[in-house]
2 protein chains.
Amino acid sequence: MPSKPKQFATDLSSSRVSVGDDIRAIRRLRGLTLADLAKQLNRSTGWMSQVERGQNEPSIRDLRKIAALFEFPLSFFFRNHDAPADERGVVVRKASRTTLGTGESGLVEELLSPDLSGDFEMIRSVFAPGADSGKVPARPTQDGGYVISGLLDLWVFGKKHELKAGDSFQFQNSVYRWRNPGSEPAEVIWIISPPAY
Amino acid sequence: MPSKPKQFATDLSSSRVSVGDDIRAIRRLRGLTLADLAKQLNRSTGWMSQVERGQNEPSIRDLRKIAALFEFPLSFFFRNHDAPADERGVVVRKASRTTLGTGESGLVEELLSPDLSGDFEMIRSVFAPGADSGKVPARPTQDGGYVISGLLDLWVFGKKHELKAGDSFQFQNSVYRWRNPGSEPAEVIWIISPPAY
DNA sequence: AAAATGAAATTATTGCCAAATATTTCATTT
DNA sequence: AAATGAAATATTTGGCAATAATTTCATTTT
């Protein structure tokens with residue numbers, strides 16, 4: 001008798017980017033191992049591995065913990081729930097972007113990349129009038145951006161640059177600071193390589 | 001008597017990104033060695049090395065040849081001639097972007113990155129109404145983009161995606177094709193990693 | 001029976017070294 | 001003074017072993 005393939009309650013592998021893939025991506029973003037993360041969740045490494053490979057469903061409770069741990073909205077894991085299957089992993093519609101970050105006031109960031117497993121991530125940032133980042137610690141990444149509208153002051157390598165719509169920038173491993181000196185929101189497309197959220 | 005530093009007609013190393021750095025970047029983009037390029041210019045490898053390190057000035061004639069060889073506009077090398085020194089290599093002003101490419105009709109591409117030596121390059125593309133790329137051969141790169149305005153049909157992995165303002169995409173190593181199905185120009189910010197022009 | 005564990009087996013990553021390529025230097029030639 | 005070309009240096013590439021991470025799966029727990 002031929003052995004039949006193992007069956008699971010839900011085939012989570014049908015969508016191009018599953019919850020497990022997302023967990024794996026954000027875990028690696030923070031440099032944790034399966035064992036590290038499993039420990040935080042009081043689960044075994046084996047279980048964690050299965051979850052990330054879509055062979056096992058994490059509980060909503062687990063997902064919550066993971067989201068909180070990495071400061072991602074829980075909804076991140078469901079962002080492409082209702083996207084057509086063949087768009088998943090490739091296209092992100094304006095209406096279904098994930099909002100990132102800790103809700104720092106004066107800044108709204110939306111993920112334009114379908115997932116975080118690529119070589120770079122694309123973010124749409126909207127800076128409120130007067131908003132100021134203060135010093136942002138240097139990261140081992142390369143950052144670039146394009147100002148779609150509004151004004152943005154950007155300090156890099158100790159030098160202030162006054163940017164306006166149509167201007168762009170790119171820099172590496174620098175402490176930086178931004179501020180919206182205008183009275184309108186500033187809209188910027190921001191690129192980070194490798195992804196570092 | 002202390003030996004004084006060597007002097008050259010022009011100190012090309014003052015600007016953060018010199019002509020030599022540009023030549024080096026675009027040469028590597030195409031995977032050529034110093035010897036390869038030198039040969040094409042009927043020069044020695046040593047001379048080529050000196051030019052790229054700003055210890056030697058290439059003639060305008062040489063620059064022309066290089067530009068033609070790589071299909072860059074000659075003006076590329078002078079794009080930040082009149083930018084403040086401390087902006088060079090970091091900021092690109094709307095007014096002083098370089099136009100890239102071979103002037104393929106229906107497509108205008110401008111380089112938003114200060115130079116081509118980073119991990120990714122940012123390009124602003126404007127697609128004319130009705131313009132169609134036809135099949136673009138796969139490259140060993142990762143591509144992403146954000147539609148600022150207009151409409152763009154994008155074929156990736158054999159599937160057509162109809163994008164409009166606010167939508168974004170990201171894909172890897174794929175043959176693709178784009179087309180502007182609308183009656184207005186489509187403006188897209190395009191990211192390529194690593195740079196591959 | 002289904003879910004989870006934990007230890008063994010497998011796979012992936014890292015550090016090192018040698019070989020091959022590529023680049024720089026510099027004494028000499030044009 | 002500019003350019004060359006060969007020697008010196010530096011960088012990249014490809015194994016290979018050691019370490020770390022992940023997957024598998026027989027067993028235990030719920």
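Scope of the values below: all heavy atoms of this structure, side chains included, with no hydrogens, waters or symmetry mates.
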Taking Watson-Crick and G-U wobble contacts under 3.5 angstrom, with | marking pairs to another strand and [ ] crossing pairs, the secondary structure of DNA chain C is written ||||||||||||||||||||||||||||||

Atom pair distance, as rounded to whole Å: [atom1] in [X] and [atom2] in [N]:
X: Leu34(B); N: dA6(D); atom1: CG; atom2: C1'; answer: 16 Å
X: Leu32(B); N: dT21(C); atom1: CG; atom2: C1'; answer: 15 Å
X: Leu37(A); N: dA21(D); atom1: CG; atom2: P; answer: 14 Å
X: Leu41(B); N: dA3(D); atom1: CG; atom2: P; answer: 12 Å
X: Arg27(B); N: dA22(C); atom1: CZ; atom2: P; answer: 10 Å
X: Arg43(B); N: dT30(C); atom1: CZ; atom2: P; answer: 16 Å
X: Glu57(A); N: dA2(C); atom1: CD; atom2: C1'; answer: 13 Å

Chi angles and distances behind the salt bridge (charged side-chain N to carboxylate O under 4.0 Å, His left out) call for Arg179(A), Asp153(A):
CA-CA 5 Å; Arg179(A) 175 174 157 260; Asp153(A) 288 350; 3.2 Å; yes

Donor-acceptor contact present, side-chain Thr33(B) to main-chain Asp36(B), <3.5 Å
yes

Short question: side chain of Ser168(A), backbone of Tyr146(A) - any donor-acceptor pair under 3.5 Å?
no

What's Gln50(A) touching, base or sugar-phosphate or nothing? Going by heavy atoms closer than 4.0 Å.
base

NA contact type, Thr33(B), heavy-atom cut-off 4.0 Å: base, sugar-phosphate, or nothing?
sugar-phosphate

Are [X] and [Y] ion-paired here, with the side-chain N under 4.0 Å from a carboxylate O?
X: Glu162(B); Y: Lys164(B); value: no
X: Asp86(A); Y: Lys159(B); value: yes
X: Glu109(A); Y: Arg124(A); value: no

Return yes if a side-chain donor-acceptor contact under 3.5 Å exists between Ser75(A) and Arg79(A), otherwise no.
no

Do Asp143(B) and Thr141(B) have side-chain N/O donor and acceptor atoms under 3.5 Å apart?
yes

From the list [options], which nucleotide is the closest neighbour of the side chain of [X]?
X: Gln55(B); options: dT22(D), dT25(C), dT4(D); answer: dT25(C)
X: Ser49(A); options: dT4(D), dT23(D), dT5(C); answer: dT23(D)
X: Thr45(A); options: dT23(D), dT4(D), dT23(C); answer: dT23(D)

OP1 or OP2 of [N] under 4.0 Å from side-chain N/O of [X]:
X: Arg53(B); N: dT24(C); result: yes
X: Arg28(A); N: dT22(D); result: yes
X: Asn56(B); N: dA2(D); result: no

Residue closer to the 5' end of DNA chain D, Asp36(A) versus Gly46(A) (nearest nucleotide)
Asp36(A)

Using heavy atoms and a sub-4.0 Å distance, could you list which residues of residues 61-72 of chain B are near DNA chain C? By number, please.
none

Trp190(A) ring center near Tyr176(A) ring center (under 6.0 Å)
yes

